[in-house]
Every structure is written in C-alpha cells, then in structure tokens.
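Accompanying notes for the structure given below.
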Amino acid sequence: MIEAAIALLCISGCAKYTSDCELVVRPRRLPVQSSPAAGDAAYEVTVFAFYVSEKDMERWAPQSYADAQAGQIRNLDTGEVRTFSLMGGQGDDTYVHLTLSRSPVVLVAVDRFDNFYAYRTFEYLVPQVNPVTMTLRFVLWKPEAQFTDSYWKVVNVAKQEEEQEG
C-alpha cells in the first residue's frame, strides 16, 4: 500500500503541468539604434507559438523567412506544414506577451524591420506563479547568417541571401 502511494506521488509530481503559463518575450535590437525615420515602417516583432508533442518538438522549425512571416513551421522529416496555434501579437522593442495553455511549444519570432527570424522550443514542467521572461537578441553586427543566442536559433535573412549569392 505504501509503495503504491509513493508511486502515485512520483507519477503526479513528474507529470507535465497543464495549467496556463504567462510568457513574456523581450526582443532587443543590438546595437540599439534610433527609431525608424518618418515614413519608414515601425519596428515590431511578432511571436507565434505552436503546440507540439514532446517526442518530436525538435523536429519542427520554420524552413524560411516566408514560413516565419506566415506563422508556419515544417516537420524536418516529413515536410508537413503546421500553422500557428497562438499569436502573441505584435510588440515594439519592449515586450510581447503570450499565455500558453500547455507545453511544449515551438516559438517563432519575426522581426520584419531588419528581416530576422528566430525560433526555439520551450517547455514548462511546474506551475508558473510569475510570468516567464525570455530575452531575444537580434544582433545586427554579427557576421554569421545564423547563430544561437540564449536557446534561440536566430537567422539574419539578408546575410543568408548574401552567403547564397557568394
């Protein structure tokens, strides 16, 4: 009887938590530049969330800037396309809020002003009392077309196109 109670406690304590999680993505442009000139498009970042299964969460990603802009990810094995489950709205250079109802998710962020996109997986296992805040840095001066920063895989589309031409 005691063994069954211990097993039940272990199973319930190890299970994924399915309550809401308030997620705050904090996009940053580095180096920080002045605001766009009058008449230019405003700087904004859109964040999409895609609910995925734990077993294949690393197999989903945007394949291109067009995918990221459209709020789509593709299965890297099968090519299956999935449209976003949740859109975090558009934020400026401050914060983008999302309320996740389950985990894990693939997050995709699109910076339409500088032609960057970034993606990562995120999973929460325990109840979240305070919002989870994560910083996303779009580093304009990096020479690489793709780099990883704080678990985000960041793609600079302009540099990626330069590399493909050269």
Side-chain angles (χ1 to χ4, degrees), residues 3-30 43-139 142 144 146-157 160:
E3 292 85 8
I6 292 172
L8 182 60
L9 284 172
C10 182
I11 289 170
S12 64
C14 297
K16 296 266 181 296
Y17 197 75
T18 56
S19 181
D20 288 352
C21 173
E22 184 70 26
L23 177 67
V24 179
V25 178
R26 183 178 170 200
R28 292 289 174 252
R29 296 173 76 209
L30 299 173
Y43 180 74
E44 64 184 25
V45 173
T46 305
V47 180
F48 300 101
F50 304 83
Y51 297 117
V52 295
S53 69
E54 183 179 4
K55 68 179 173 94
D56 67 354
M57 68 184 194
E58 297 294 332
R59 304 305 313 151
W60 291 92
Q63 297 287 305
S64 66
Y65 184 61
D67 277 356
Q69 283 185 305
Q72 297 179 336
I73 54 175
R74 295 178 188 268
N75 185 295
L76 302 176
D77 295 327
T78 66
E80 176 190 349
V81 176
R82 188 175 287 177
T83 303
F84 68 91
S85 307
L86 180 67
M87 185 170 115
Q90 298 175 337
D92 55 12
D93 195 20
T94 54
Y95 302 95
V96 178
H97 294 264
L98 294 152
T99 301
L100 305 177
S101 61
R102 66 178 200 252
S103 173
V105 295
V106 173
L107 299 171
V108 177
V110 182
D111 169 353
R112 289 182 173 89
F113 189 78
D114 294 309
N115 294 333
F116 276 80
Y117 69 95
Y119 58 98
R120 66 166 290 171
T121 58
F122 174 71
E123 188 171 19
Y124 62 98
L125 303 174
V126 296
Q128 301 298 317
V129 177
N130 296 315
V132 175
T133 302
M134 55 180 67
T135 299
L136 167 57
R137 292 183 269 286
F138 292 112
V139 185
K142 275 206 177 262
E144 301 88 11
Q146 297 184 35
F147 57 92
T148 302
D149 185 78
S150 299
Y151 302 102
W152 288 93
K153 294 173 183 126
V154 183
V155 180
N156 180 331
V157 177
Q160 189 177 46

Residue among Val110, Val155, Ile73 satisfying side-chain contact (heavy atoms from CB on, under 4.5 Å) with Pro62: Ile73
Any Gln160 side-chain heavy atom under 4.5 Å of Gln146 side chain: yes
Straight-line distance of Tyr119 OH to Gln63 CD, nearest 0.5 Å: 8.0 Å
Any residue meeting salt bridge (Lys or Arg N to Asp or Glu O under 4.0 Å) with Asp149, in chain and number order, not counting sequence neighbours: Arg137
Heavy-atom pair of closest approach, residues Val52 and Arg82: CG1-NH1, 3.4 Å
Identified side-chain contact (heavy atoms from CB on, under 4.5 Å) partner of Trp60 from the options Val108, Val106, Val105: Val106
Derivation of the side-chain contact (heavy atoms from CB on, under 4.5 Å) call for Val132 and Cys21: CA-CA 8 Å; Val132 175; Cys21 173; 3.9 Å; yes
Interatomic spacing from CZ in Arg112 to OG1 in Thr46 - rounded to 0.5 Å: 4.0 Å
Exercise: identify the closest heavy-atom pair between Phe147 and Glu144: CD2-O, 4.2 Å
Point-to-point distance, once rounded to the nearest 0.5 Å, from CZ of Arg28 to OG1 of Thr135: 7.0 Å
Contact summary for Glu58 and Leu76, nearest pair of heavy atoms: O-CD1, 4.0 Å
Chi angles and distances behind the side-chain contact (heavy atoms from CB on, under 4.5 Å) call for Leu107, Leu98: CA-CA 10 Å; Leu107 299 171; Leu98 294 152; 4.1 Å; yes
Closest non-hydrogen atom pair between Phe116 and Val139, with its separation: CZ-O, 3.8 Å
Which atom of Met134 lies closest to which atom of Phe122, heavy atoms considered: CE-CD1, 3.6 Å
Straight-line distance of Met57 CE to Arg120 CZ, nearest 0.5 Å: 10.0 Å
Tyr117 and Tyr65 aromatic ring geometry - parallel, tilted or perpendicular at 30°/60° bounds: tilted
Closest non-hydrogen atom pair between Ala68 and Phe48, with its separation: O-CE1, 3.4 Å
Working for side-chain contact (heavy atoms from CB on, under 4.5 Å), residues Val47 and His97: CA-CA 9 Å; Val47 180; His97 294 264; over 6 Å; no
From Leu100 atom CG to Glu123 atom CD, the distance as rounded to the nearest 0.5 Å: 11.5 Å
Sole candidate of Val45, Asp114, Asn115, Asn156 that passes side-chain contact (heavy atoms from CB on, under 4.5 Å) when paired with Phe138: Val45
Under 3.5 Å side-chain donor-acceptor pair for Ser101 and Tyr51: yes
